[in-house]
Protein chains: 2
Amino acid sequence: MVADLSQDRPRLGRSSTAERVADVLRGRISEGYFQPGQRLSEESISEALEVSRNTLREAFRLLGHEGLLDHRLNRGVFVRLPSAEDVADLYQVRRVLEGAAVRRAPAEPALALLKQAVLDAEQAAARDDWQGVGTANIRFHQALVSFNQSPRIDEAMRQLLAELRLVFHVMENPRAFHEPFVDRNRTLLGLIESGESEQAAAYLDDYLDHAERLLIHAYDPDR
Amino acid sequence: MVADLSQDRPRLGRSSTAERVADVLRGRISEGYFQPGQRLSEESISEALEVSRNTLREAFRLLGHEGLLDHRLNRGVFVRLPSAEDVADLYQVRRVLEGAAVRRAPAEPALALLKQAVLDAEQAAARDDWQGVGTANIRFHQALVSFNQSPRIDEAMRQLLAELRLVFHVMENPRAFHEPFVDRNRTLLGLIESGESEQAAAYLDDYLDHAERLLIHAYDPDR
DNA sequence: TCTTGTCGAATTGTTCAACGATCCTTACGT
DNA sequence: ACGTAAGGATCGTTGAACAATTCGACAAGA
């Protein structure tokens, strides 16, 4: 009875002002309020949020290490604008993390998350809610990676997906990008459930190649 | 002619005071001058290094995100003391990253690094230089992971190994821990060179299981 | 017209002193 | 043994200040 309680320990750690500021900025960036490439002024933001410049700078450091901000000395912080090389690398990491995940026998709760993400995506698609499809898709892959049963890998994936969201913001047509993956996720789920891990791995590789090509193309139509 | 020059652009980025302070602290931690669990006082360190508390705190943030420091609100920063669960997770990550690496056909320069690391380890062992063996061993695994050809994975591995170094500091007998891996690395290299990737993967898994058990045992002899 | 030198405004980098908030220890009382 | 109160030490945050750096504008020269 007391054992369960220990799960709530993380919540106890109240957060510092800097962390709360970072939360606000992280949200604004991921929703696109601050756009990739945009410079974030220390003075105006510290004024708007009513925190000191020093505190704001601590928040900037936090987000910088999450890959969301780019800190250029004496020039300020900018919302990260991933390059085509960054996109390629992000997908290379996904191939490793998701590839390893798909070859493992999934734990039951993780599998449930995977199913739920597929359902959510299908329902959002039926509503023409492509933002919702994107969110569900992200949850799908987060759940997939959790098969590895490693908190550090889960955290790395969270950061990776946050960085990828920056990339999605440069896509002008979210539907064309997200729509094909609704069915793909359903198919991949089926292969995983039936234990055909090698086929699932092959399908996943094709899946990632396709997505990467689409994004790279958006960056540089000539490639 | 001017095009080549742009490659040197990264070098131009001078480092801020906070980054240089972080470099100093990182070195001290990895060499064991600051020991795991020890608290780092803002006042005494900022005084000794002649930087302001604010700047020092920025350096603390940097190292905190690298997993070397543990920041507890209103209590200060402590050199991270990984738990047994942390060790298990670190090895879980290694299984994924190194497992994926060993299944790939290595690029030539990366293979050369691998060979060199094996030679260095053998020479250091002949000199009874177990610290040197540990360093060479780390380079071996860093090179192995580079087969994945991903800068982000390389960086993640760097941080992981830095965290593992903290764990090594609690080992009282470095020879007993490092010695067996000299031959193991040689064997693994052979399997990789001859392209027997599945056998190499199996050997690596056993390799990692063994190392993990040894470390966990050092933490809690009852397990 | 193109390049180069120079100036000044704007912004960041860093420091400092101050005060409130929190934690830890010790002592005290029940 | 337990709860509580007081005190010192340390961290969290602020606001101001000054140095360093960047950037754009504009004038001088080829």
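Excluded from the calculations below are hydrogen atoms, water molecules and symmetry mates; all remaining heavy atoms, backbone and side chain alike, are included. Just so we're on the same page: letters track the sequence lines, and every chain starts at 1.
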*Asks:* With A/H210, which residues qualify under ring-ring contact (aromatic ring centres under 6.0 Å, His included), at least two apart?
*Replies:* none
*Asks:* Once each nucleotide of nucleotides 10-15 of chain D is scored for protein heavy atoms under 4.0 Å, what B/S/- sequence comes out, 5' to 3'?
*Replies:* SBBBBB
*Asks:* With B/F177, which residues qualify under ring-ring contact (aromatic ring centres under 6.0 Å, His included), at least two apart?
*Replies:* B/F168, B/F181
*Asks:* With sequence neighbours excluded, what pairs up with A/D129 under the salt bridge (charged side-chain N to carboxylate O under 4.0 Å, His left out) test?
*Replies:*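 Listed in chain order: A/R127.
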*Asks:* Any pair with a residue in residues 62-71 of chain A that passes salt bridge (Lys or Arg N to Asp or Glu O under 4.0 Å), sequence neighbours left out, goes on the list, sorted by first then second residue, please.
*Replies:*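 Sorted pair list: A/R26-A/E66, A/D70-A/R72.
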*Asks:* Under the rule for ring-ring contact (aromatic ring centres under 6.0 Å, His included), what residues qualify as partners of B/Y91, not counting sequence neighbours?
*Replies:*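 B/Y91: no ring-ring contact (aromatic ring centres under 6.0 Å, His included) contacts found.
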